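Written out below as structure tokens is the structure these notes cover.
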Amino acid sequence: MGLELRIEEQTYVLSNLQDGRSIELSRLPGGAQRLLPGLNTPTEAQLEAAIETAENWLMPHVSGLHGQMLDVADPTGRLTSGLLAVLGTSERSWSLAAIEQAFVKVVDLATGRHAPAALHQHRLFVADLLLVRELAHHGQVTGVCLSRDRH
């Protein structure tokens, strides 16, 4: 049994993986744009509002997630390209501590005096990473793995 977060253009889908099947738990319509609407690099207030939205969506589902591996399917390529462009990493699996560290670094970049151009160009990546972080943190998953295949 496992857990999957699927990043789509207009929605996030949270599912349990059982016996090779995906059983949908919930959808967040609007996806990254719902978490971080607009076109500018997110402000601290926007990030806090996005965290609250993510938590409200996730909290009904996190109690049964403890100890599972979180598989992130990213057919959009946003998370993958943002990790490389903004954080300079092509890592595909992380511990909870490593996800937290990546998120803190992105928040520091976004709320700093001069946010890097890469962050502005990969704004929706910030929403994706924020949601992965919230899910990993509140679900107390064992780790996070970014799928290699683009479904």
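Treat the numbers as computed from the prediction; the structure is a model and nothing was measured. Scope of the values below: all heavy atoms of this structure, side chains included, with no hydrogens, waters or symmetry mates.
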Kindly indicate, with the supporting measurements, whether the criterion side-chain contact (heavy atoms from CB on, under 4.5 Å) is fulfilled by Leu36 and Leu124. CA-CA 7 Å; Leu36 290 172; Leu124 296 180; 5.7 Å; no
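- A 4.5 Å side-chain heavy-atom check between Pro29 and Gln10 finds every atom pair outside the cut-off.
- Of all non-hydrogen atoms in Gly38 and Gln33, the two that sit nearest each other are N-OE1, 3.7 Å.
- Applying the side-chain contact (heavy atoms from CB on, under 4.5 Å) rule to Glu9 yields the partners Thr76, Arg78; only residues at least two apart in sequence or on another chain are considered.
- Side-chain contact between Asp71 and Ser147: present, with at least one pair of heavy atoms (C-beta onward) separated by less than 4.5 Å.
- In terms of heavy atoms, Arg34 sits closest to Pro37 at O-CD, 3.8 Å.
- With a 4.5 Å cut-off on side-chain heavy atoms, Trp94 and Leu70 do not count as touching.
- Here CG of Leu79 is found 5.5 Å from CG of Leu146. Values are rounded to the nearest 0.5 Å.
- You'll find the side chain of Val126 reaches within 4.5 Å of the side chain of Leu47, heavy atoms only.
- In this structure, CD1 in Ile7 is found 6.0 Å from OH in Tyr12, a value given to the nearest 0.5 Å.
- Residues Leu131 and Met59 fall within the same hydrophobic cluster, defined by Ile, Leu, Val, Met, Phe, Trp and Tyr side chains chained together at heavy-atom separations under 4.5 Å.
- Listed by chain and number, the residues in a side-chain contact (heavy atoms from CB on, under 4.5 Å) with Thr142 are Met69 (sequence neighbours excluded).
- In this structure, SG on Cys145 lies 11.0 Å from CD on Glu4, to the nearest 0.5 angstrom.
- Applying the 6.0 Å contact sphere to CD of Gln101 captures no more than 12 heavy atoms from other residues, nucleotides or ligands.
- Asn16 contributes atom CG, which lies 11.0 Å from atom CD of Glu24 (distance to the nearest 0.5 angstrom).
- Looking only at side-chain heavy atoms (C-beta outward), Gln140 and Leu96 come within less than 4.5 Å of each other.
- The cluster map of Ile, Leu, Val, Met, Phe, Trp and Tyr, joined by side-chain heavy atoms under 4.5 Å apart, puts Val13 and Leu130 in different clusters.
- Summarising the geometry of Leu83 relative to Glu91, their closest heavy-atom pair is CD1-O, 4.4 Å, with the distance given to 0.1 Å.
- Pairs of residues two or more places apart, or lying in two chains, that qualify as salt bridge (charged side-chain N to carboxylate O under 4.0 Å, His left out) and include a residue from residues 130-147 are Glu100-Arg133.
- The side chain to side chain donor-acceptor pair (under 3.5 Å) test applied to Glu52 returns no partner, not counting sequence neighbours.
- Looking at His138 and His66, their side chains never come closer than 4.5 Å, going by heavy atoms from C-beta outward.
- Going from atom OG of Ser22 over to atom CG of Leu17 covers 5.5 Å, rounded to the nearest 0.5 Å.
- Between Val62 and Leu65, the closest side-chain pair of non-hydrogen atoms falls below 4.5 Å.
- Contact record, Val106 with Phe125: CG2-CE2, 4.0 Å, taken as the closest heavy-atom pair.
- Partners of Glu48 according to the side chain to side chain donor-acceptor pair (under 3.5 Å) rule, which considers only residues two or more places apart in sequence or in another chain, do not exist here.
- How far CG of Leu87 is from NE2 of His122: 10.5 Å, rounded to the nearest 0.5 Å.
- Checked by atom type and distance alone, the side chain of Thr11 pairs as donor or acceptor with a backbone atom of Leu28 at under 3.5 Å.
- For Ala32 against Asp128, the heavy-atom pair with the smallest separation is CB-OD1, 3.9 Å.
- No single ILVMFWY cluster, assembled from side-chain heavy atoms under 4.5 Å apart, contains both Phe103 and Leu84.
- By the side-chain contact (heavy atoms from CB on, under 4.5 Å) test, Leu14 is found to be paired with Leu3, Leu25, Trp57, Leu58, His61, Leu135, residues two or more places apart in sequence or in another chain being considered.
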